[in-house]
Amino acid sequence: MTRTQPPGTSAAPPSGAGTGLSRAPVLPPPRRRRRPALLALAVTMVVLGALGATYLATSLGQTSPVIALAREVPWGQAITAADLVEARISPDPALQPIPYGDRDQVIGMVAATTLTSGSLLTRDALTDQRLPAPDQHLVGVGVSTVQLPTTALRPGDDVLLVPVAAGSAPVAPEAGAPGGVEATVVQTGPPGTDGLRVVDVLVAAADGPDVAARAAAGLLAIVVVAGE
């Protein structure tokens, strides 16, 4: 007698049946929370950064033309067109240079101090008072190498004009008379063919005639004194 076996099933046993563990549930992906306030703040920061960079670049690029010195101009000398050059600088409250547009107004004015090459020109460095002043005389004093210091004289130096005899010996001053005439150097010329160098000096109007007479005879020596 033949035994009939029950039909087999093809269904797989549930997962974890052999281990005794249940299958973990599948969680949905997390939802991203949008924060409009943070997004707006980020956009604002980007815009402000771009505006700041643009302002900085624009500020650095804004320059104005001003007057600078192309070469040294000694004290007391008149300003010429060749002395001036255009320079461009960024605005700075600490600087008050003369605009280059006022160049024609500057030409012909007098340097109130020695102006150095490359410096910016300001109103304080100029005067309209030409030399000599009403109470002064401008005298050219011709001196030899033994009547002048080896150190170069510069415009504005204070000097004494000391009388000397024909042999270059100092003249003994009379009782109560000053030992020399106070003067201020304006300009020093190059040595001449006769070996003399002419120095333009400013003296008081009362001393002008006597200084001119002694200078013409070559009877003056120049002594540099300490400035103020």
Side-chain angles (χ1 to χ4, degrees), residues 69-84 98 106-228:
L69 276 302
R71 58 188 179 184
E72 181 178 293
V73 180
W75 165 79
Q77 300 299 307
I79 303 295
T80 66
D83 298 328
L84 307 179
I98 302 176
V106 169
I107 296 175
M109 298 192 71
V110 178
T113 184
T114 297
L115 307 177
T116 58
S117 175
S119 62
L120 301 181
L121 188 60
T122 62
R123 301 285 182 185
D124 295 340
L126 299 175
T127 179
D128 56 1
Q129 180 64 57
R130 293 182 174 274
L131 300 178
D135 59 344
Q136 294 177 325
H137 283 174
L138 179 62
V139 182
V141 179
V143 290
S144 63
T145 55
V146 296
Q147 296 170 291
L148 184 71
T150 303
T151 302
L153 297 176
R154 295 182 57 84
D157 284 348
D158 294 325
V159 297
L160 280 179
L161 306 179
V162 180
V164 297
S168 298
V171 176
E174 300 177 0
V181 177
E182 294 182 353
T184 302
V185 176
V186 176
Q187 188 175 6
T188 302
T193 56
D194 55 359
L196 298 180
R197 185 188 297 268
V198 177
V199 181
D200 290 346
V201 295
L202 288 173
V203 297
D207 298 324
D210 181 65
V211 169
R214 291 181 179 274
L219 301 179
L220 287 176
I222 298 180
V223 178
V224 179
V225 299
E228 297 181 358

Checklist line | Pairwise side-chain contact, V201 with L138, heavy-atom cut-off 4.5 Å (strictly under) | finding: no
Checklist line | side-chain contact (heavy atoms from CB on, under 4.5 Å) between V106 and L84, worked out | finding: CA-CA 9 Å; V106 169; L84 307 179; 4.1 Å; yes
Next item on the list: Could you walk me through whether R123 and I98 pass the side-chain contact (heavy atoms from CB on, under 4.5 Å) test, one step at a time?
Entry: CA-CA 7 Å; R123 301 285 182 185; I98 302 176; 3.8 Å; yes
Margin query: Closer than 3.5 angstrom, by distance alone: can the side chain of Q147 be matched with the main-chain N or O of L196 as a donor-acceptor pair?
Written below: no
Notebook entry, point to check: Minimum heavy-atom separation for A70 to A82, with atom names?
Noted result: CB-O, 3.8 Å
Check: Hey, is CD on Q77 packed in by over 12 heavy atoms from elsewhere, all under 6.0 Å?
Finding: yes
Check: Could you state the interatomic distance from OG1 (T113) to CG (D124), rounded to the nearest 0.5 Å?
Finding: 11.0 Å
Notebook entry, point to check: Which pair of heavy atoms, one from V203 and one from V181, lies closest together, and at what distance?
Noted result: CG1-CG1, 4.3 Å
Next item on the list: Apply the test side-chain contact (heavy atoms from CB on, under 4.5 Å) to residues L115 and W75: give CA-CA distance (whole Å), side-chain angles for both, the deciding distance (0.1 Å), then the verdict.
Entry: CA-CA 7 Å; L115 307 177; W75 165 79; over 6 Å; no
Notebook entry, point to check: What closest approach, in Å, do D157 and A152 show between heavy atoms, and which atom pair accounts for it?
Noted result: OD2-O, 4.4 Å
Notebook entry, point to check: What's the shortest heavy-atom distance between V159 and V225, and which atoms?
Noted result: N-CG2, 4.0 Å
Notebook entry, point to check: What closest approach, in Å, do P163 and G180 show between heavy atoms, and which atom pair accounts for it?
Noted result: CD-CA, 4.4 Å
Result block: side-chain N/O donor-acceptor pairs under 3.5 angstrom for residues 125-137, not counting sequence neighbours:
residue, atom, partner, partner atom, Å
T127, OG1, Q129, N, 3.1
R130, NH2, G108, O, 2.8
Q136, OE1, A133, N, 3.3

Notebook entry, point to check: Between A212 and V139, what is the shortest heavy-atom contact and its length?
Noted result: CA-CG1, 3.9 Å
Checklist line | Gap separating the OG1 atom of T116 from the CZ atom of R71, nearest 0.5 angstrom | finding: 14.5 Å
Note to self: For residues 192-209, which residue pairs pass the side-chain hydrogen bond (donor to acceptor under 3.5 Å, both in side chains) check, not counting sequence neighbours?
What the structure shows: none
Notebook entry, point to check: Would you call I222 and L161 a side-chain contact if the rule is heavy atoms closer than 4.5 Å?
Noted result: yes
